Asks: 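Would you mind keeping the following structure in view while I ask a few things?
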Amino acid sequence: MSNVQVAVVTGSNKGVGLAIVRALCKQFQGDVYLTSRDPDRGQAAVAQLQQEGLRPLFHQLDIDDLQSIRALRDFLKEKYGGLNVLVNNAGIAFKVHDTTPFAVQAEVTLKTNFFGTRNVCTELLPLMKPYGRVVNVSSMVSSSALGGCSQELQQKFRSDTITEEELVQLMTKFVEDTKKNVHQKEGWPNTAYGVSKIGVTVLSRIQARLLNEDRKGDHILLNACCPGWVRTDMAGPKATKSPDEGAETPVYLALLPPNADAPHGQFVSDKTVRPW
Ligand code: NAP
């Protein structure tokens, strides 16, 4: 088993994820895994970074596929005995003018952004080594969507005692409510992406709390963040930040030094903790 440190970035064949891998290759002392659901797209991205003189490694990972997540888990366990840095970056968003029925958009978006990210955490968080860093890429849209929720839902999502099971029930309820077209009556905002990212931010708060309870002595720091508005296939060419600029906050959180005890369980953008 290797003593080398290891970092994994999900959904990193392009966009912000690829830029996070680029920065980690330059700044992280250890192996950096570019992962992609499609091996060809992943290998093409590895080749692109190799052209830049960098040496990322590759592993397949589809966060919608539990088998794929578990294959990565077993690989990391066997080769490294764990994991030092995990960046949950993979995500999807329907375009504003997409005509796919809203209920379908809700199901598909939640499946990857919330349930897929949660499955990765369920399988990989137990592997995190002492002083590990976990970064869940959420969005400022999670904050605005929270503001669009009913008072009752806002209270639940801001609660310091909400459990992962309760959060899963709420995310499932959103999808069900969209199918019955009662989601707005039930206090949800009209944004599937926004609700999925509420899920990612609240999940991060819960996971940080559980780390405090169960693994306090391990000094693991886990946060949610927004990369900003970044020029990628998701956000389009009018966005204000380059992918490398978008990577700055996630990379800052991934590389918090061993003597840092904060931020932890926070929502961070532009390297600044934001109120939730
Ligand atoms: P992007 O260019 O569309 O890249 C998304 C990445 O996620 C791609 O590599 C994609 O792979 C991957 N992905 C999607 N579903 C996946 C799955 N099931 N398993 C594994 N990988 C999967 O988007 P981006 O702008 O870089 O976004 C990265 C993250 O930042 C997302 O979580 C997004 O919500 C968040 N974010 C972005 C912005 C922005 O302005 N761009 C703002 C706030 C937050 P494929 O190539 O195979 O599709």
Side-chain angles (χ1 to χ4, degrees), residues 5-12 16-17 19-21 23-24 27-35 59 61 63 69-70 72-73 75-77 80-91 112-139 142 162-164 167-168 196-227 246-269 271 273-274 276:
Q5 295 203 56
V6 58
V8 167
V9 184
T10 72
S12 47
V16 175
I20 293 171
V21 169
L24 288 178
Q27 297 175 51
F28 177 73
Q29 299 293 320
D31 290 350
V32 181
Y33 279 84
L34 186 156
T35 67
H59 203 283
L61 176 65
I63 71 165
I69 299 171
R70 287 181 175 158
L72 175 63
R73 176 201 64 188
F75 168 80
L76 291 168
K77 226 189 229 175
Y80 299 92
L83 179 59
N84 302 94
V85 169
L86 171 63
V87 183
N88 281 303
N89 164 82
T112 299
N113 294 5
F114 177 72
F115 292 102
T117 300
R118 173 177 181 250
N119 285 342
V120 173
C121 289
T122 303
E123 299 299 332
L124 296 191
L125 288 192
L127 261 63
M128 293 308 298
K129 292 190 177 181
Y131 300 93
R133 305 292 183 242
V134 183
V135 185
N136 294 333
V137 179
S138 183
S139 169
S142 70
I162 183 173
T163 64
E164 195 168 322
L167 177 62
V168 165
S196 76
K197 292 299 190 180
I198 290 177
V200 173
T201 303
V202 176
L203 181 68
S204 309
R205 288 161 55 88
I206 295 169
Q207 288 167 339
R209 209 177 66 215
L210 291 177
L211 285 169
N212 287 345
E213 287 168 17
D214 304 338
R215 298 190 60 185
K216 189 68 187 165
D218 285 342
H219 306 279
I220 296 166
L221 298 177
L222 181 154
N223 292 285
C225 72
C226 178
E248 282 176 19
T249 292
V251 169
Y252 151 75
L253 292 171
L255 298 179
L256 286 168
N259 61 355
D261 56 7
H264 179 55
Q266 303 292 337
F267 177 62
V268 180
S269 76
K271 301 186 190 172
V273 171
R274 306 290 171 184
W276 177 246

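Keep in mind it's a predicted model, so treat the numbers as computed, not measured.
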Asks: Check for a donor-acceptor pair, side chain of Ser196 on one end and backbone N or O of Asn113 on the other, with a separation under 3.5 Å.
Replies: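 Looks like no, no N/O pair under 3.5 Å.
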Asks: Looking only at side chains, do Asn136 and Ser204 share a donor and an acceptor under 3.5 Å apart?
Replies: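 Short answer, yes.
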Asks: Might you point out which heavy atoms bring Ile69 and Leu61 nearest each other, and give the distance in Å?
Replies: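 Distance-wise, the nearest heavy atoms are CA-CD1, 3.7 Å.
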Asks: Is a donor on one side and an acceptor on the other found under 3.5 Å between the side chain of Arg215 and the backbone of Leu210?
Replies: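 No: the side chain of Arg215 does not pair with the backbone of Leu210.
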Asks: Please examine the side chains of Val200 and Ser142, heavy atoms only from C-beta on, and report whether any two atoms are closer than 4.5 Å.
Replies: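 Of all side-chain heavy-atom pairs linking Val200 with Ser142, none is under 4.5 Å.
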Asks: Quick check on Glu213: does its CD atom have over 12 non-hydrogen neighbours (other residues, nucleotides or ligands) under 6.0 Å away?
Replies: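 Yes, CD of Glu213 has more than 12 neighbouring heavy atoms, counting only those of other groups under 6.0 Å.
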Asks: So Leu221 and Tyr131, side-chain contact (heavy atoms from CB on, under 4.5 Å) or not? Walk me through it.
Replies: CA-CA 7 Å; Leu221 298 177; Tyr131 300 93; over 6 Å; no
Asks: Could you check whether any side-chain N or O of Thr117 sits under 3.5 Å from a backbone N or O of Phe114, counting only pairs where one atom can act as donor and the other as acceptor?
Replies: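 No; zero donor-acceptor contacts below 3.5 Å.
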Asks: Side chains of Arg274 and Val268: does their closest heavy-atom pair fall under 4.5 Å?
Replies: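 Answer no - side chains too far apart.
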Asks: Locate the shortest heavy-atom distance separating Gly11 from Asn89; write the atom from each residue and the value.
Replies: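 What the structure gives for the nearest pair is O-ND2, 2.9 Å.
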Asks: How close do Val16 and Gly246 get, counting heavy atoms only, and between which atoms?
Replies: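 Val16 and Gly246 have their closest heavy atoms at CG1-O, 4.2 Å.
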Asks: Could you check whether atom NZ of Lys129 has more than 12 heavy atoms from other residues, nucleotides or ligands sitting under 6.0 Å from it?
Replies: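 Yes, NZ of Lys129 has more than 12 neighbouring heavy atoms, counting only those of other groups under 6.0 Å.
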Asks: Quick one: CZ on Arg133 to OH on Tyr252, what's the gap to the nearest 0.5 Å?
Replies: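 OH of Tyr252 is found 10.5 Å from CZ of Arg133.
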Asks: Decide yes or no on side-chain contact (heavy atoms from CB on, under 4.5 Å) for Leu124 and Leu72, but give the supporting numbers first.
Replies: CA-CA 9 Å; Leu124 296 191; Leu72 175 63; 4.2 Å; yes
Asks: Mind checking whether Phe267 and Val273 have side chains closer than 4.5 Å, heavy atoms only?
Replies: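 The answer is no; the side chains never approach within 4.5 Å.
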Asks: Among side-chain atoms of Tyr80 and Asp31, is any donor-acceptor pair under 3.5 angstrom?
Replies: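 Their side chains do contain a donor-acceptor pair, which is all the 3.5 Å distance test asks for.
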Asks: Under 30°, 30 to 60°, or over 60°: which ring-plane class applies to His59 and Phe75, parallel, tilted or perpendicular?
Replies: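 Tilted: the ring planes of His59 and Phe75 meet at 30° to 60°.
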Asks: Please report the interatomic distance CZ(Phe28) to CG(Leu255), rounded to the nearest 0.5 Å.
Replies: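 If I round to the nearest 0.5 Å, the distance is 7.5 Å.
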Asks: I'd like to know if the side chain of Thr10 and the backbone of Ala90 have a donor-acceptor N/O pair within less than 3.5 Å.
Replies: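 Yes; at least one donor-acceptor contact below 3.5 Å.
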Asks: Phe115 vs Ile63, test: side-chain contact (heavy atoms from CB on, under 4.5 Å). Steps then yes/no.
Replies: CA-CA 9 Å; Phe115 292 102; Ile63 71 165; over 6 Å; no
Asks: Is there side-chain contact between Val87 and Val137, with heavy atoms separated by less than 4.5 Å?
Replies: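 Val87 reaches Val137 side chain to side chain.
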Asks: Can you measure from NE2 (His219) to NE2 (His264) and round to the nearest 0.5 angstrom?
Replies: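 Answer for the NE2-NE2 pair, His219 versus His264, is 11.5 Å.
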Asks: Please lay out, stage by stage, how Thr122 and Glu164 fare under the test side-chain contact (heavy atoms from CB on, under 4.5 Å).
Replies: CA-CA 11 Å; Thr122 303; Glu164 195 168 322; 4.2 Å; yes
Asks: So which heavy atom on Ile206 is nearest to which on Ile162, and how close?
Replies: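 So the two residues come closest at CG1-O, 3.6 Å.
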Asks: Looking at Leu211, Leu125, Asn84, Asn212, which one forms a side chain to side chain contact (heavy atoms under 4.5 Å, CB included) with Ile220?
Replies: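 Considering Leu211, Leu125, Asn84, Asn212, a side chain to side chain contact (heavy atoms under 4.5 Å, CB included) with Ile220 is found only for Leu211.
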Asks: Nearest 0.5 Å, please: how far is CG in Leu83 from NZ in Lys77?
Replies: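 Spacing of NZ (Lys77) from CG (Leu83) equals 12.5 Å.
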Asks: Considering only heavy atoms from C-beta outward, does the side chain of Val6 approach that of Tyr33 to under 4.5 Å?
Replies: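 Heavy-atom side-chain distance check passes, below 4.5 Å.
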Asks: Atom CG of residue position Asp214 - does it have more than 12 heavy atoms of other residues, nucleotides or ligands inside 6.0 Å?
Replies: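 For Asp214, atom CG is crowded (more than 12 foreign heavy atoms under 6.0 Å).
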Asks: How about Ser138 and Thr201: does a side-chain donor come under 3.5 Å of a side-chain acceptor?
Replies: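 Checked: Ser138/Thr201 side chains pair up, N/O donor to acceptor below 3.5 Å.
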Asks: Given 3.5 Å as the limit, does a donor-acceptor pair link the side chain of Asn223 with the main chain of Gly265, or not?
Replies: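 The answer is yes, because a donor-acceptor pair under 3.5 Å joins these two groups.
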Asks: Is Thr35 close to Val8 at the side-chain level, that is, under 4.5 Å between some pair of heavy atoms?
Replies: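 A side-chain contact exists here, since the closest heavy-atom pair is under 4.5 Å.
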Asks: Atom CE of Met128 and atom SG of Cys121: how far apart are they, to the nearest 0.5 Å?
Replies: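 Interatomic distance, Met128 CE to Cys121 SG, rounded to 0.5 Å: 10.0 Å.
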Asks: Considering non-hydrogen atoms only, spot the tightest contact between Cys225 and Val135 and give its length.
Replies: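 Shortest heavy-atom separation between Cys225 and Val135 comes out as SG-CG1, 3.7 Å.
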Asks: Nearest 0.5 angstrom please: Leu253 CG to Leu222 CG, how far?
Replies: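 Output value for this atom pair is 9.5 Å.
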